Amino acid sequence: MSFFNPRSTDGNPVLNALLTVIAAFLMPFIEAAKKLTRKVYHGWDGAFRACFGGIFGIGGAIYAGHWTGWTNGLSFFAWLPASMLAWLLVYFYIWPLLYLVVVNPVWKLADALWDLVRKFARTRFESLTLGIIGILRTVCLGCDGLWGTILSKDRKSWFSKLLYAVSYPSILGGSALLGWKIFHLVTALFPAHLAIVPFVAGLAAGLLAFLFVGGTLLQFVEFGKLPFIALSSGIAAVWGLTGQIALVLSALGLSGAAFTWAAYALTFALYTAYVFPLINVILTDGFLTWIVEHIKPLAEKAYDESDKDFRNFFHHSVNLAVAGLLGYFAFAICSTLALGAAVTWGICALVVALSYILTFQCIDHSGGNAIVGGTMSLAAGYFTGAAYHSVGLVFGIWGAIVAGVFSALTFGFVVFPVLYICLRSLTTAIRLSQLGKPLASVYNFFNEGFKKAMRQLEHAYDSCYRDKTGYQELFLHLSNLAAAVAVYFGAAYLSSIQHMGSVMSFAFIGMSVVLSYLLVGKLLFKSGYGTEFIGALAGLAAAGWAGTGVYSAYASWLVAGVVGICARVAVFAFLFPTAYILVRLPAKPLLLAWLRPLLAAIYDFFWAGFMQVWQQFVRAYNALLRLLTPLWVMFVSILDSVRKAYNRLLDRIRGR
């Protein structure tokens with residue numbers, strides 16, 4: 001090649017030198033993207049990581065759009081390209097790097113530690129907890145009989161089963177809370193301008209904390225059984241009663257760390273030795289046993305409904321309530337985005353219709369009552385825990401978690417069955433339940449319409465993204481020209497706010513337009529998925545617009561992310577295909593015969609000239625790549641040595 005070999009006549013030497021400089025600039029980005037995506041997104045597990053990359057990319061797009069458009073007040077031609085560029089950076093560079101450098105090593109370390117925990121829990125933990133309880137049974141007079149009763153193998157205790165049932169969700173809730181706190185702690189360590197990086201790092205740290213701590217405690221419950229529940233609840237009792245213990249010591253005139261820790265130890269011993277087993281015995285063998293015996297048939301009457309007519313009426317009533325609630329939320333979000341009356345009511349109607357059709361399909365079966373009761377129980381538990389914590393009752397957030405779990409269980413096994421039975425008796429007495437058949441007729445009418453609409457949408461989807469007519473090529477050519485025009489205005493706007501000189505502005509705008517016209521066009525024409533690409537791009541723009549607007553109003557990544565994903569799906573699957581077909585109706589007979597060959601000839605002419613330059617660029621790129629390959633191999637070998645050393649360390653931790 002002429003740049004490296006002056007005697008070669010392969011290409012123009014000046015152009016070759018310029019292309020080599022451009023290749024040197026682009027090579028790190030191109031090769032890094034190829035290596036990272038091949039390493040992280042390979043295989044089935046790589047597809048799972050790619051889904052995370054796409055989700056985090058939407059978060060990055062929302063953040064970039066919010067920062068450029070809403071924070072700095074830049075125009076559409078700044079925040080939309082910034083959003084799309086942020087998605088590409090997150091998907092191809094930031095998330096793969098974070099996964100390789102942070103997430104994967106930490107995950108391997110957590111897995112190694114988890115192996116140790118499981119081994120310890122299987123072999124030592126049960127004997128350890130029984131040994132501590134044995135010491136208390138020996139030291140604390142009178143508790144040996146209580147503990148002997150509740151540890152008897154022949155004893156059947158509903159309260160012990162309830163403790164196990166409460167322990168598992170409490171551990172998951174507490175671990176989730178710990179992960180949430182760690183998420184905020186880690187994100188606060190990063191500067192705000194790093195955008196999605198602190199979010200991903202905090203999410204990885206919080207998720208690992210949730211999995212490791214939650215999994216460890218679940219193992220302890222499985223192998224430590226009732227003694228571990230007693231010991232852990234004793235520690236929680238001491239922690240929650242620290243204020244009361246301090247008041248008692250102050251009243252007795254005792255001060256100092258020695259008295260405080262002695263009081264903690266005494267409280268722990270009294271609770272574990274006497275209070276815990278005594279409550280177990282009283283609740284198991286006392287009056288509450290009679291109550292528990294009646295809970296099961298009560299729940300069976302609600303969750304195993306034999307009256308299909310009333311169950312049908314109940315499910316339709318719940319369906320209407322859910323549709324109305326989701327419609328209200330959609331109206332609130334649309335009002336926040338100031339979409340206008342027509343668009344707002346259209347979106348609300350769509351949300352209500354989809355909820356009305358799909359929710360009933362989820363609950364219209366024999367297990368529908370269990371789904372309704374379980375969902376309402378979770379809601380009751382959440383609101384109870386939130387109210388408990390807001391009031392500032394004993395044990396703080398952990399007490400709120402336990403209160404929420406007990407509230408959910410009580411609502412699910414007692415309150416919901418009672419309300420359901422009362423509702424059934426009332427509606428049957430006033431014959432209101434007979435509305436089930438008319439409601440079913442109304443639902444079937446709309447469901448059939450929904451099925452027809454879905455068939456039409458499926459047909460529209462195929463007619464758009466699987467268009468076999470010549471109009472698709474015309475559409476792609478016109479879209480390519482529109483993209484080039486948009487790039488022109490965007491490049492002109494960027495050059496103006498960057499105060500480029502006239503020569504630099506002309507070169508920047510011209511290069512941007514030419515590359516957009518040629519490369520975007522080739523992507524649309526030769527990939528076979530040009531229409532899908534445009535639809536996905538429109539969906540991404542909609543996600544960035546809707547997500548940034550919602551984030552600016554609510555400052556919630558969760559709400560903004562859900563709205564952004566919904567907007568992207570709605571545009572890609574529904575709005576874009578519909579618009580494509582509507583435009584095709586007049587455009588195909590008017591423009592297809594003469595405009596398609598004209599645009600194709602113009603593009604082919606410019607592409608042929610570009611290919612001559614491109615081939616010379618490829619040769620320059622490959623030559624430069626061969627020149628730098630030894631350095632890259634050396635760098636990779638260093639990284640591989642670090643990886644092997646880290647794996648050996650993990651093997652030592654596992655004891656292999």
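If you're wondering where the values come from, they're calculated on a predicted model, not measured in any experiment.
Distance alone, capped at 3.5 Å, places no donor-acceptor pair between the T384 side chain and the G381 backbone. Within the 3.5 Å criterion, the main-chain N or O of R49 finds a donor-acceptor partner in the side chain of W95. At distances below 3.5 Å, not a single donor-acceptor pair connects side-chain atoms of T428 with backbone N or O atoms of S425. The main-chain N or O of A269 is never found under 3.5 Å from a side-chain atom of T272 such that the two would form a donor-acceptor pair. In this structure, S127 contributes its side chain and R124 its backbone to a donor-acceptor pair below 3.5 Å. Side chain of S390 to backbone of A387: a donor-acceptor contact under 3.5 angstrom is found. S377 contributes a side-chain N or O that, together with a main-chain N or O of G373, makes up a donor-acceptor pair within less than 3.5 Å. For the pair T242 (side chain) and V238 (backbone), a donor-acceptor distance under 3.5 Å is absent.
Aromatic ring orientation, F183 versus W180: parallel (interplanar angle below 30°, classes split at 30° and 60°). F220 and F125 have parallel rings, their planes meeting at less than 30° on a 0 to 90° scale where 60° marks the start of perpendicular. Using bins of under 30°, 30° to 60° and over 60° for the plane-to-plane angle, the ring pair Y264/W261 lands in the perpendicular bin. Between F92 and W87, the angle of the ring planes goes over 60°, which puts this pair in the perpendicular group of the 30/60° scheme. Ring pair F416/F411 is tilted by interplanar angle, where 30° to 60° counts as tilted.
Residue S366 comes nearest to R311 through the heavy atom pair CA-NH1, 3.5 Å, listed as atom of the first residue, atom of the second, then distance. The nearest pair of heavy atoms linking G436 to H316 is O-CD2, 4.1 Å. The two residues S232 and I229 have their closest heavy-atom pair at OG-O, 3.1 Å. Taking every heavy atom of both residues into account, G214 and I171 meet most closely at O-CG2, 3.7 Å. In plain terms, the two heavy atoms of P227 and I133 that are nearest each other are CB-CG1, 3.7 Å.
For the atom pair CD of Q244 and OG1 of T267, the computed distance is 10.5 Å after rounding to the nearest 0.5 Å. Taken from CG in N280 to OG1 in T149, the straight-line distance is 9.5 Å, to the nearest 0.5 Å. In this structure, L128 CG and L231 CG are separated by 8.5 Å, a value rounded to the nearest 0.5 Å. Note: L177 CG to H389 NE2 = 8.0 Å, rounded to the nearest 0.5 Å. Rounded to the nearest 0.5 Å, atoms CG (L97) and OH (Y93) are 10.0 Å apart.
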- Task: Carefully, step by step, assess F413 and Y303 under the rule ring pair (Phe, Tyr, Trp, His ring centres under 6.0 Å).
- Result: CA-CA 10 Å; F413 290 103; Y303 293 121; 7.2 Å; no

- Chi angles and distances behind the side chain to side chain contact (heavy atoms under 4.5 Å, CB included) call for F223, T129: CA-CA 9 Å; F223 293 100; T129 54; over 6 Å; no

- For the pair W147 and L136, evaluate side chain to side chain contact (heavy atoms under 4.5 Å, CB included) and give the outcome as yes or no after the intermediate values. CA-CA 10 Å; W147 270 103; L136 292 175; 5.9 Å; no

- CA sep, side-chain torsions, deciding dist, call: L130, F228, side chain to side chain contact (heavy atoms under 4.5 Å, CB included): CA-CA 8 Å; L130 287 175; F228 172 70; over 6 Å; no

For residues 399-406, please give each side-chain donor-acceptor pair under 3.5 Å, one per line with the distance, not counting sequence neighbours.
none

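One side chain, S233 or Y271, offers a donor N or O that lies under 3.5 Å from an acceptor on the other. For H315 and N369, the side-chain atoms include at least one donor-acceptor pair closer than 3.5 Å. With no hydrogens or angles considered, no side-chain donor-acceptor pair links Y356 and N319 at under 3.5 Å.
Evaluation of the salt bridge (charged side-chain N to carboxylate O under 4.0 Å, His left out) test over residues 129-148, restricted to residues two or more places apart or in two chains, returns R137-D144.
Scanning for ring pair (Phe, Tyr, Trp, His ring centres under 6.0 Å) contacts around Y41 gives Y91, with sequence neighbours left out.
Atom NZ of K225 has more than 12 neighbouring heavy atoms from other residues, nucleotides or ligands inside a 6.0 Å radius. When the shell of 6.0 Å around NE2 of H365 is examined, it contains more than 12 heavy atoms from other residues, nucleotides or ligands.
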